[in-house]
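Every number for a ligand or one of its atoms is a count from 1 in the order of the listing. One-based numbering along the sequence shown.
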Amino acid sequence: MVSTRVKLTVAFVVGMIAVAITLFLSLLTARNNAVYHDIAQYAAAQGDLAARIITDAAQAGERVVATDDTALIQALSPKIIDRLQAVPGYIVVVDTAGRAVYRSNDVTRLKSQDLTNLQTQLADLPKSGEALIFSLDSLQERLLFVSHSLPGNPGGLSRIASGAIATRAEVVPTEYMVSALVIVPLIILGGGTAAFLFLGRPQRQLAEITTEVAAITDGRSLHRRLPLSDETTDFANLVTTLNAMIGRLETSFAGLRRFTADASHELKTPLAVLRADVERAMTETTSQTERMVALEEALQEVRRMTDLVESLLTLARADEGRFDIHREPVELMPLVHEVYETALILGEAQGVTVNLPFTTDAVVMADRTRLRQLFLNLVTNAIKYTPAGGHVELGLGRHPDNVTFAVRDTGIGISAADFPHIFERFWRADRVRSRMSERGGFGLGLAISQWIAQAHGGTLTASSRLGRGSLFTVTLPLGGDGQKS
Ligand code: ADP
């Protein structure tokens with residue numbers, strides 16, 4: 001495979017060649033035009049001179065034509081012919097009938113075929129201004145002719161055509177050829193080599209970065225970062241972005257490791273208890289009552305483990321985005337009443353009073369089962385973390401764009417240090433105590449609750465003060481036909 005370095009160098013060289021060719025052609029055209037212009041000016045000057053010889057003579061009263069028989073070629077007066085012959089180049093004097101009455105020596109030297117040719121060409125010669133360019137076989141050159149009119153037509157003469165050899169305007173000069181064939185290729189070669197060498201540095205830097213990234217992302221070195229050395233300074237942005245990405249990878253890897261460790265740890269204890277219970281139940285000396293107690297405890301542990309595995313599955317599917325939320329219009333008031341009924345029963349068992357001071361009619365597009373799970377999580381937590389004699393208050397409020405479900409308790413609250421962690425997986429304010437006590441959650445409830453709220457386009461927020469109680473609020477966007485007010 002051709003490397004990017006070679007491809008870029010080739011593109012650069014091709015670009016340079018294209019620029020050089022365009023420049024060369026433009027220069028050549030400009031130079032040829034300038035040379036044509038010079039030749040035309042030279043021819044015009046000669047024509048001017050010849051014209052002045054004739055008009056001056058006419059003005060001085062001299063005889064311009066030798067004979068009144070203008071049918072004769074070279075019928076100019078010998079004196080005028082003498083003077084005209086001093087003018088170099090191709091000069092033809094034409095009379096009003098369009099006949100050539102004088103031809104300079106250069107013209108008369110042309111072969112007869114060329115003379116006829118010249119005659120025809122000159123008939124087409126514009127009266128003034130533009131030049132005419134044509135080739136003559138015997139000369140193997142190109143001639144450029146310009147025309148001058150003779151004011152007052154002295155002696156019946158109408159105009160003068162003066163010409164010069166124009167071949168020089170069409171050949172590419174040697175110095176141009178040297179530039180085009182030697183100097184420019186040398187410059188392009190030099191430029192190409194310089195580009196190739198210059199592109200070596202970024203290529204080395206990229207290779208360096210690639211090696212570093214490969215070394216870091218082998219899984220064990222995610223704590224390392226790419227150095228911003230001299231070798232990588234041209235790619236500072238890339239290095240910073242990659243470092244940020246490695247940082248995020250490190251965090252999620254650490255989270256994954258912690259999650260796996262926590263999950264195994266959570267399963268280890270109930271499994272140990274389960275094993276002990278089963279062993280106890282299987283011992284022959286164990287009485288029937290003790291056996292039933294052991295089996296009851298084993299069943300309890302199996303329930304706990306089932307709960308844990310279900311929660312883990314919910315979170316894993318949520319992470320993968322594989323969890324389908326079956327949205328349908330859900331009337332919130334009946335749902336909240338249902339949750340309230342359950343809360344009353346739970347609260348009674350704990351010695352906690354539960355109230356529902358206000359509700360409202362509201363419909364949201366939601367998964368009813370998931371929403372119930374979310375509300376129940378919050379309510380159970382509130383009752384769980386409120387000592388006997390405390391109060392728990394539920395409320396459903398409606399706002400222009402959304403609806404809120406709030407659970408306020410007068411329980412133990414959460415310390416400021418613990419507060420930022422409450423939505424983390426497996427996080428519990430007091431791990432040991434909560435596992436041992438009957439509160440015994442896994443620290444997954446709030447993580448799942450937050451996911452459910454977010455999956456519905458809503459939020460779950462909390463505020464709490466240690467010893468004073470907590471407030472958890474679910475905000476959901478209003479939905480359903482005509483329910484937005
Ligand atoms: P758990 O199953 O342990 O209750 P959660 O994810 O529901 O797990 O809650 C995480 C932690 O947040 C709990 O262990 C507890 O320390 C704290 N917490 C949750 N709700 C409340 C509340 N209403 N009052 C005080 N602490 C709470």
Side-chain angles (χ1 to χ4, degrees), residues 255 258-259 261-263 265-270 300-301 303-316 318-319 339-340 342-344 346-347 349-356 370-395 404-455 459-475:
R258 203 173 50 235
F259 185 77
D262 284 343
H265 190 74
E266 290 300 335
L267 281 169
K268 219 172 90 186
T269 318
Q300 190 85 17
E301 287 307 321
R303 279 200 201 105
R304 261 180 71 82
M305 280 197 296
T306 314
D307 282 353
L308 173 61
V309 170
E310 257 169 26
S311 300
L312 286 177
L313 210 60
T314 305
L315 285 170
D319 286 348
V339 171
Y340 172 59
T342 317
L344 279 178
L346 292 175
Q350 281 266 132
V352 174
T353 52
V354 182
N355 293 311
L356 176 61
R370 288 284 159 201
L371 221 50
R372 188 168 181 278
Q373 184 185 3
L374 161 60
F375 292 173
L376 268 178
N377 270 354
L378 299 182
V379 169
T380 356
N381 270 355
I383 295 170
K384 211 157 58 167
Y385 298 108
T386 302
H391 305 287
V392 170
E393 209 171 86
L394 318 184
T404 50
F405 172 72
V407 181
R408 185 191 294 278
D409 65 61
T410 56
I412 58 171
I414 305 160
S415 74
D418 289 342
F419 191 76
H421 303 288
I422 57 172
F423 292 109
E424 283 174 17
R425 293 172 188 189
F426 289 113
W427 189 89
R428 285 166 302 206
D430 185 344
R431 276 184 164 232
V432 181
R433 198 190 62 198
S434 69
R435 189 181 298 134
M436 303 313 273
S437 75
E438 56 200 52
R439 284 180 186 151
F442 299 110
L444 292 176
L446 284 181
I448 293 176
S449 301
Q450 193 181 44
W451 165 72
I452 296 174
Q454 286 170 353
T459 53
L460 170 59
T461 51
S463 60
S464 185
R465 280 183 70 187
L466 193 62
R468 292 281 184 85
S470 318
L471 167 68
F472 284 83
T473 312
V474 182
T475 309

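For ligand 1, the polar-atom distance check against F472 finds no nitrogen or oxygen pair separated by under 3.5 Å. Ligand 1 has an N or O atom lying under 3.5 Å from an N or O atom of L446, backbone or side chain. In terms of N/O distances under 3.5 Å, ligand 1 is not approached by I422. For the pair R428 and ligand 1, the shortest N or O to N or O distance does not fall below 3.5 Å. Ligand 1 has no N or O atom lying under 3.5 Å from any N or O atom of A447, backbone or side chain.
Contacts between A429 and ligand 1, counted as non-hydrogen atom pairs separated by less than 4.0 Å, involve both the backbone and the side chain. Contacts between L444 and ligand 1, counted as non-hydrogen atom pairs separated by less than 4.0 Å, involve the backbone only.
Contact of the I448 side chain with the L315 side chain is registered, since non-hydrogen atoms from C-beta on lie closer than 4.5 Å. Side-chain contact check for M305 versus L267: some heavy-atom pair is nearer than 4.5 Å. Between R370 and T314 the shortest side-chain heavy-atom distance falls below 4.5 Å. Residues F405 and V379 are in side-chain contact: their nearest non-hydrogen atoms beyond the backbone lie under 4.5 Å apart. Counting heavy atoms from C-beta on, the side chains of L312 and F426 come closer than 4.5 Å.
For G413, the heavy-atom gap to ligand 1 drops under 4.0 angstrom.
Under the 30°/60° scheme for interplanar angles, the aromatic rings of F472 and F423 are found to stand perpendicular.
Residue Y340 comes nearest to N355 through the heavy atom pair CE1-C, 3.7 Å, listed as atom of the first residue, atom of the second, then distance. The heavy-atom pair separating D409 from V392 by the smallest distance is CB-CG2, 3.9 Å.
Applying the 4.0 Å criterion to heavy atoms of G443 picks out, from ligand 1, the atoms 1 (P), 2 (O), 3 (O), 6 (O), 8 (O). Close contacts between ligand 1 and S470 involve ligand atoms 22 (C), 24 (N), 25 (C) [criterion: under 4.0 Å to a heavy atom]. Of all atoms in ligand 1, numbered sequentially from 1 with element shown, those under 4.0 Å from a heavy atom of F442 are 2 (O), 3 (O). Per-residue contacts place K384 under 4.0 angstrom from the following atoms of ligand 1 (heavy atoms of the residue considered): 1 (P), 2 (O), 4 (O). With ligand atoms numbered from 1 in the order given, ligand 1 contributes 25 (C), 26 (N), 27 (C) to contacts under 4.0 Å with heavy atoms of I414.
Here the CG atom belonging to L444 is positioned 10.5 Å from the CG atom belonging to D307, to the nearest 0.5 angstrom.
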